[in-house]
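Working notes, beginning with the structure itself.
A note on names: the letters A, B, ... follow the listed sequences, proteins ahead of strands, and every chain is numbered from 1.
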Number of protein chains: 2
Amino acid sequence: MKLLRMRLREDSTLRRTITMRVTIEDIAKKAGLSAASVSRILNNTGRFSEATAKKVRAIADELGYYKNRSASDLASHTQTTLGVINYPAETDSNFHVIRGITEQARQSDVDVLIMIAERDDQTAIRKVVEDLIERRVFSILFLSVHPDQAIIDLIKRAGIYPQEVASAYALDLSYVSSNDYQMGQLATRTLIDKGYSRIGFVGADPEKDIVGTQRFAGYQAALKAAGITYRPEWLFVGDGKYSYQSGLDAVPYYTDNADVDSVFATSDDGALGIINGLIDRDGAFTHQWGIISTDGSQICEQTRPKISSVTQDFNLIGRMAVDEAVRAITDLPKEKRQIDVPFRLELRETTPAK
Amino acid sequence: MKLLRMRLREDSTLRRTITMRVTIEDIAKKAGLSAASVSRILNNTGRFSEATAKKVRAIADELGYYKNRSASDLASHTQTTLGVINYPAETDSNFHVIRGITEQARQSDVDVLIMIAERDDQTAIRKVVEDLIERRVFSILFLSVHPDQAIIDLIKRAGIYPQEVASAYALDLSYVSSNDYQMGQLATRTLIDKGYSRIGFVGADPEKDIVGTQRFAGYQAALKAAGITYRPEWLFVGDGKYSYQSGLDAVPYYTDNADVDSVFATSDDGALGIINGLIDRDGAFTHQWGIISTDGSQICEQTRPKISSVTQDFNLIGRMAVDEAVRAITDLPKEKRQIDVPFRLELRETTPAK
DNA sequence: ATGAAAGCGCTAACAA
DNA sequence: TTGTTAGCGCTTTCAT
């Protein structure tokens with residue numbers, strides 16, 4: 001067992017030191033065995049006697065041995081790692097998704113590498129993707145991150161299965177998420193059922209991404225089914241980013257331009273913005289409009305009034321994404337796959353009957 | 001270049017397949033060079049002619065070559081990976097920290113592995129830590145995750161530098177975070193300066209963790225400095241987890257037990273809870289109490305009224321943690337290090353002069 | 001400027 | 001049940 005700390009040269013910025021650590025050889029020597037036997041024992045593979053096993057495990061423990069994954073992976077051609085690329089935002093639900101991913105991954109005995117990239121920064125995304133390819137992950141999951149076609153091609157070419165999770169964006173990428181069309185439909189129908197008829201649509205851009213397109217389509221379908229004629233001034237895109245700000249800005253917009261009696265906010269943040277916009281305008285919230293949002297994060301419980309929502313099961317989305325990824329190990333889907341995860345309606349205080 | 005897909009056996013649950021991929025050998029062969037030369041070129045190390053380099057790079061590209069990190073790390077003894085263990089919560093500021101870490105890491109040319117564990121689940125934490133050790137990270141950063149002493153010992157024994165980031169919890173772990181004592185002092189002094197004198201302390205447990213202890217100590221010091229005698233009924237711990245709920249519960253508590261005129265909430269969530277608790281009690285917010293919180297996340301801007309806060313620079317905290325970790329590569333600190341990152345006061349609407 | 005050779009730490013046949 | 005051997009794909013002396 002060598003424990004010297006040494007320096008390596010590197011032409012780039014930094015020099016890194018490494019510590020030589022306990023190897024399987026050290027254990028073998030100390031136990032009077034071969035490395036192979038130690039390997040078998042430590043990995044619970046092949047056959048060996050409990051007696052020697054006990055001894056070996058004791059020595060490993062005593063020496064503070066940890067397998068060198070690089071060596072192990074290299075020798076065994078094993079890849080049990082799942083890559084996740086996340087765009088972390090202040091209020092987001094990805095953490096639920098990540099929890100789900102982590103939980104399911106543990107059960108499926110794969111481990112998870114999470115890396116960060118900005119939503120649309122293709123250079124950064126590419127860098128992270130390449131890192132993940134070098135690490136030989138078997139699948140890459142994108143959470144709120146939108147790689148362009150070139151990057152997707154590169155991933156596929158590397159034999160890795162890419163998926164979008166919790167947000168279908170575009171392109172030929174498989175995804176696991178709620179069905180946005182149906183969510184839009186349900187939200188809108190709920191408002192209609194409560195007696196509202198002039199319904200604003202806030203925060204998503206029907207032209208920009210699939211989520212927006214689908215939710216908007218569902219919204220229109222519900223309108224039509226109820227015999228309500230859609231009016232273009234009911235649409236308020238704002239920054240089109242499902243943001244708090246777009247909700248805030250929607251209030252003066254509708255006040256000036258459209259006589260809506262209710263609003264379908266395409267995010268909880270947007271709904272919060274609308275509530276605050278109303279308070280800012282009127283001095284207090286007066287149930288001026290019915291409001292329903294999508295997502296159903298805890299924000300909905302923490303506003304006054306509490307926000308009614310079409311609630312997604314982000315944890316389940318994460319879990320199912322892992323299942324998909326694991327399944328893809330054995331048979332890589334040729335086609336783009338679309339997995340719809342169930343959602344539900346939660347009526348709270350912003351949708352009183354009219 | 002072999003591209004066969006093959007199956008490996010494994011005694012555990014799953015069988016994993018792997019795809020043999022383009023190797024440096026393939027490139028070497030195609031270029032009529034040795035593997036060594038290709039390696040040098042691709043890593044920009046040693047000497048070679050631009051002419052051959054160009055050719056090699058073209059071939060690598062054409063073949064879709066990606067370095068196998070396992071092989072590379074194994075051969076070069078290089079470790080350039082930083083491990084982060086995060087506990088992701090619904091409303092948390094860790095994403096800011098993680099952003100900071102990621103940004104700084106890119107500049108320092110290290111890459112970051114993020115893994116998830118529950119706050120106090122020592123079994124899960126241990127598992128994740130061991131995974132990181134196997135991957136030979138040079139440092140492990142804990143975000144809102146609290147390893148016990150056994151785990152810390154194990155990390156140190158492995159020659160890895162552990163740090164707590166954005167929350168000093170206990171034990172002999174180095175940390176990078178805001179100075180909680182000073183934050184508590186500033187928050188309290190601010191309230192006093194505005195004319196308040198009966199000041200509640202909500203959400204942290206002064207007995208349980210360092211953050212609570214320190215903020216409470218700062219709070220008491222400020223009280224004392226102003227000649228105000230602390231009264232025990234001013235303390236409301238609630239669940240002691242800096243939660244929304246503890247704020248919500250604080251309102252009936254104070255209403256029944258203590259005649260405070262203001263509250264120092266030890267988190268933004270707690271402050272939000274207090275506001276909502278007041279609304280729930282009175283039907284509307286009536287500036288009954290002055291309120292100040294710590295953290296200064298966007299929640300503070302998204303309530304009505306907006307919450308005054310002692311705001312932390314989470315991004316900077318993340319960046320500094322990386323700096324510390326990188327520094328520790330070359331000289332591992334013998335002592336526990338404590339890095340204080342500056343914070344600032346942001347007055348909004350919940351602290352009108354009394 | 002390039003190649004040959006050794007080896008990183010581990011796993012996986014195959015023998016014994 | 002255990003040992004021997006031969007790599008995994010790459011980097012790094014050291015020659016040339």
Query raised in the report: Is any side-chain nitrogen or oxygen of A:Ser72 closer than 4.0 Å to OP1 or OP2 of C:dG9?
Result: no
Query raised in the report: In whole angstrom, what separates A:Arg136's CZ from D:dC8's P?
Result: 14 Å
**Report entry** Phosphate OP1/OP2 of C:dC10: any A:Tyr66 side-chain N/O under 4.0 Å
**Finding:** no
Query raised in the report: To the nearest Å, how far apart are A:Ile24 CD1 and C:dC10 P?
Result: 5 Å
Query - Pairs satisfying salt bridge (Lys or Arg N to Asp or Glu O under 4.0 Å), at least one member in residues 27-47 of chain A, at least two apart - result: A:Lys30-A:Glu62
Protein and nucleotides 1-5 of chain C: nitrogen or oxygen contacts under 3.5 angstrom:
| unit_1 | atom_1 | unit_2 | atom_2 | d |
| --- | --- | --- | --- | --- |
| C:dA1 | OP2 | B:Arg47 | NH1 | 3.4 |
| C:dT2 | OP2 | B:Ser49 | N | 3.2 |
| C:dT2 | OP2 | B:Thr52 | OG1 | 3.0 |
| C:dG3 | OP2 | B:Ser34 | N | 2.7 |
| C:dG3 | OP2 | B:Ser34 | OG | 3.2 |
| C:dG3 | OP2 | B:Ser37 | OG | 3.0 |
| C:dG3 | N7 | B:Arg40 | NH2 | 2.9 |
| C:dG3 | O6 | B:Arg40 | NH2 | 2.5 |

Query raised in the report: Would you say B:Asn68 reaches D:dC8's phosphate, i.e. side-chain N/O to OP1/OP2 under 4.0 Å?
Result: no
Report summary line: Taken in chain and number order and not counting sequence neighbours, the residues that satisfy side-chain hydrogen bond (donor to acceptor under 3.5 Å, both in side chains) with B:Tyr66 are none
**Report entry** Rounded distance (Å) that lies between atom C1' of D:dT11 and atom CG of B:Asn44
**Finding:** 15 Å
Query raised in the report: Between D:dA6 atom P and A:Leu74 atom CG, what is the distance in whole Å?
Result: 18 Å
Query - Whole-Å gap separating P (D:dC10) and CG (B:Asp73) - result: 12 Å
Query raised in the report: In whole Å, what is the span from the OH atom of B:Tyr65 to the C1' atom of D:dG9?
Result: 8 Å
Report summary line: For A:Glu25, the salt bridge (Lys or Arg N to Asp or Glu O under 4.0 Å) test, sequence neighbours excluded, returns none
**Report entry** Salt bridge present between B:Arg99 and B:Glu103 (N-O < 4.0 angstrom)
**Finding:** no
Query raised in the report: Got a sec, which residues hit side-chain hydrogen bond (donor to acceptor under 3.5 Å, both in side chains) with A:Asp131, two or more places apart in sequence or on another chain?
Result: A:Arg135
**Report entry** Integer-rounded Å distance: C:dC8 C1' and A:Lys67 NZ
**Finding:** 16 Å
Report summary line: Sequence neighbours excluded, the answer for salt bridge (Lys or Arg N to Asp or Glu O under 4.0 Å) partners of A:Glu335 is none
Report summary line: Bend of the helix from C:dA1-D:dT16 to C:dA16-D:dT1 from end-axis comparison, five pairs per end, nearest 10°, comes to 30°
Query raised in the report: Does the distance from a Lys or Arg side-chain N to an Asp or Glu carboxylate O, for A:Arg327 and A:Glu324, drop under 4.0 Å?
Result: yes
Query raised in the report: Can you name the ring pair (Phe, Tyr, Trp, His ring centres under 6.0 Å) partners of A:His96, sequence neighbours left out?
Result: none
Report task. List in chain and number order the residues that pass side-chain hydrogen bond (donor to acceptor under 3.5 Å, both in side chains) with B:Arg119, two or more places apart in sequence or in another chain; answer none if no residue qualifies. Result -> none
Query - Whole-Å gap separating P (D:dT12) and NE2 (B:His77) - result: 8 Å
